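This report refers to the structure that appears directly beneath it.
Values below: every heavy atom of this structure, side chains too, minus hydrogens, waters and symmetry copies. So you know, we letter chains A, B, ... as the sequences are listed, proteins then strands, and number each from 1. Source: prediction; values computed, not measured.
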2 protein chains.
Amino acid sequence: MSSDASPAPAPVTLREVAASAGVSVATASKALNGQGRMTAETRERIRETARRLGFRPNSLAQSLLRRRSFTVGLLTNDTYGRFSLPLMSGVSDALVDAGVSVFLCNVEDDTRLAQLHVEAMLDKRVDGIIATGKRIDRHLPVDLANLRIPVIYAFTQPDPGAIAFVSDDSGGARLAVEHFCRLGRKRIAHVTGPASFAVVHERAQAYRDVLTEKGLPVMEPLLGSWSEAWGHEAVKKLFDGQGKLSKTGSEKPDAVFCGNDQIARGVIDALRERGLGVPDDVGVIGFDNWQIVAEATRPPLTSVDMNLAALGREAGLTLLSLVGGQPAAPGIRKLPCRLVVRQSCGRPPDG
Amino acid sequence: MSSDASPAPAPVTLREVAASAGVSVATASKALNGQGRMTAETRERIRETARRLGFRPNSLAQSLLRRRSFTVGLLTNDTYGRFSLPLMSGVSDALVDAGVSVFLCNVEDDTRLAQLHVEAMLDKRVDGIIATGKRIDRHLPVDLANLRIPVIYAFTQPDPGAIAFVSDDSGGARLAVEHFCRLGRKRIAHVTGPASFAVVHERAQAYRDVLTEKGLPVMEPLLGSWSEAWGHEAVKKLFDGQGKLSKTGSEKPDAVFCGNDQIARGVIDALRERGLGVPDDVGVIGFDNWQIVAEATRPPLTSVDMNLAALGREAGLTLLSLVGGQPAAPGIRKLPCRLVVRQSCGRPPDG
DNA sequence: CTGAAAGCGCTTACAG
DNA sequence: CTGAAAGCGCTTACAG
């Protein structure tokens, strides 16, 4: 009972199991671990005794011997994290079945706090560390380069020579733009976030590449903030006054690929407010597939999903194999995004 | 280096420090822990040696002796959790300074998974457990009642006789409705979530109580889903046809208190679409203070904040004191909400 | 003032 | 086939 002040009964130890079964602790240990050689009856008797007493080995003692704590540290600065959360749950899922538990370390952007957490992890002899964050192009405020345990970076800026998993933003952007092309859209605009984000450039380049490949006009991407308000403003820029399509003169876009779902939401609302139909007049695709936003948008938003839970899984499994002594090549692994189709793009012309 | 296959150098042990300083491990231990009696020079020499070698005590060994692992388990089923996240970061912040690390256990609504995590926690000899979830009136899919370590419930249904922290939803609702009254609103409606949620009734009752106290007309709360779509629909019900105010006949509301921010967002959008101004014609208040929604709403949404980070802090500190052997009375502690005023309610009449 | 010994709970060679 | 011994890295009475 949580509120009961009575002294908690100590957990039963191997020594007690051994005594109760009339064997030595060594034999008891071997019986339970399937090690050594003994009669099947002895082994079964010991196992039965352990079961009866509710014996569970003290993981701290085991860790001390094995030099392996079956814990890992998960560092993140994405406190209110819509990015961290799926990633964390992916990591956790990948590890729980291996009996590995995850320490959650909220480091904010605070070097002192980050240092504190890293030291706590090291003191607790975690088997490895996963570093994650809220953007791919920023490093956590702490140096993880020369630890004596494996480190995996996921969705955050890695140290040189490290192993990192990130989403393939370029591929994700291609998915979106190619989807528009497949639907017969011809004048595709791109409204995205600030120039200070690496992904803004990466996605914009993919946008340009696809349009160039398809022989469609490329509009200069509109950079702004990651907000609905910017979505509204961008629609004003795109649909007021003369259009700015490089090849076709003054025609208005019939599709907008947005850098995130909030921008897309703003774009869709602004289009509706000026009497433009989505998807009939203009198709819209977002990025992040933030379910709660994408589904509330009218109509529900088609969006690029970065597969962050899968990314977390991969990071977790790779860390596990590193801890297990398997080698792994350093470098940045880009994991594919996927397009989640809802109703903001319409059907193919022949569909 | 994470990707380097060279054998990791073992961490330096107390034995090495002792050898290097020319003392016994016992003396070294005492020197570093400020225990025992020895000359100031000896102590300082040992400390200096430890510092020079980068000695950090193995927390696993210490835990084994002290019967205290300086870890706690945090169970949650709020995977994509906008509720869990601030709560978790509150817990983590409260504990990190005490050197206590937090195991993140994502149990979903899966009994097997929850059991697995609880056993892992017990095996790892966590000092205590914090159970949290996505709603106050649902129990996690696992029994935490008779563990031999303290358990604190936070924002989830507790076991009888346990210690729990929850938000004061009734008080939060009062805050909202009284704010409307203070601004001179007279016909205040309430649009909220499904009847299956306890908080729906608790908040609705507070809504009725305040209006009754103030002698204002009480409208029957409109129950629906926690979605923007329901916000739209509710506006239709409230503003189409004849009004349904019990005392004043057919007058339309001049204020809507919403059960969450998404409903509020839908209400505000719907009002604007029918040409009603917020806050001039109708004031709107939400619940949850989900920043990203509240700030994107036009105008930005006044909302009730459940202070979940503070709730997490309290839960963490209380667990700490329980672990430290302080007694604490069982029962449910309701922590106050706060009203975050933005622009959806207007200024007071004389403001 | 300092060190040898015992021990936390377990595992793993090594004897018998 | 089973057990005594040593040891993981540390701390804490207890001697000296």
*Looking only at non-hydrogen atoms, find the nearest pair between A/Thr76 and A/Ser84 and report the distance.*
OG1-OG, 2.7 Å

*A/Ala28 and A/Leu14: which non-hydrogen atoms are nearest, and at how many Å?*
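Here A/Ala28 and A/Leu14 meet closest at CB-CD1, 3.7 Å.
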
*Look at B/Arg66 together with B/Asp127 and state whether they make a salt bridge at an N to O cut-off of under 4.0 Å.*
no

*Flag the pair A/Arg51 and A/Glu48 as a salt bridge only when some basic side-chain nitrogen lies within less than 4.0 angstrom of an acidic carboxylate oxygen.*
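Judged by the 4.0 Å cut-off on N to carboxylate O distance, A/Arg51 and A/Glu48 do form a salt bridge.
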
*Figure out the CD1/P separation between B/Ile46 and C/dC1, and round it to whole Å.*
14 Å

*Integer angstrom distance from the P of C/dC10 to that of D/dC1*: 26 Å

*Check: A/Lys124/A/Thr71 side-chain N/O donor and acceptor closer than 3.5 Å*: no

*Would you check if the side chain of A/Arg43 reaches a backbone N or O of A/Lys30 as a donor-acceptor pair within less than 3.5 Å?*
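A pair under 3.5 Å: yes.
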
*Might you work through the ring-ring contact (aromatic ring centres under 6.0 Å, His included) test for A/Phe103 and B/Phe103, ending with a clear yes or no?*
CA-CA 4 Å; A/Phe103 283 117; B/Phe103 282 118; 4.0 Å; yes

*asked:* What's B/Ser63 touching, base or sugar-phosphate or nothing? Going by heavy atoms closer than 4.0 Å.
replied: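 Touches nothing.
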
_Name the residue from B/Val118, B/Ile130, B/Val151 that meets the side chain to side chain contact (heavy atoms under 4.5 Å, CB included) definition with B/Leu75._
B/Val118

_Given a 3.5 Å cut-off on both pairing distances, which stems involving DNA chain D, each at least three consecutive Watson-Crick or G-U pairs, are present, if any?_
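Ordered by first number, the stems with DNA chain D (at least 3 consecutive pairs each) read C:1-3 with D:14-16, C:5-12 with D:5-12, C:14-16 with D:1-3.
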
_What does the B/S/- profile of nucleotides 8-16 of chain D look like, 5' to 3', with a 4.0 Å heavy-atom cutoff to protein?_
BBBBBB---

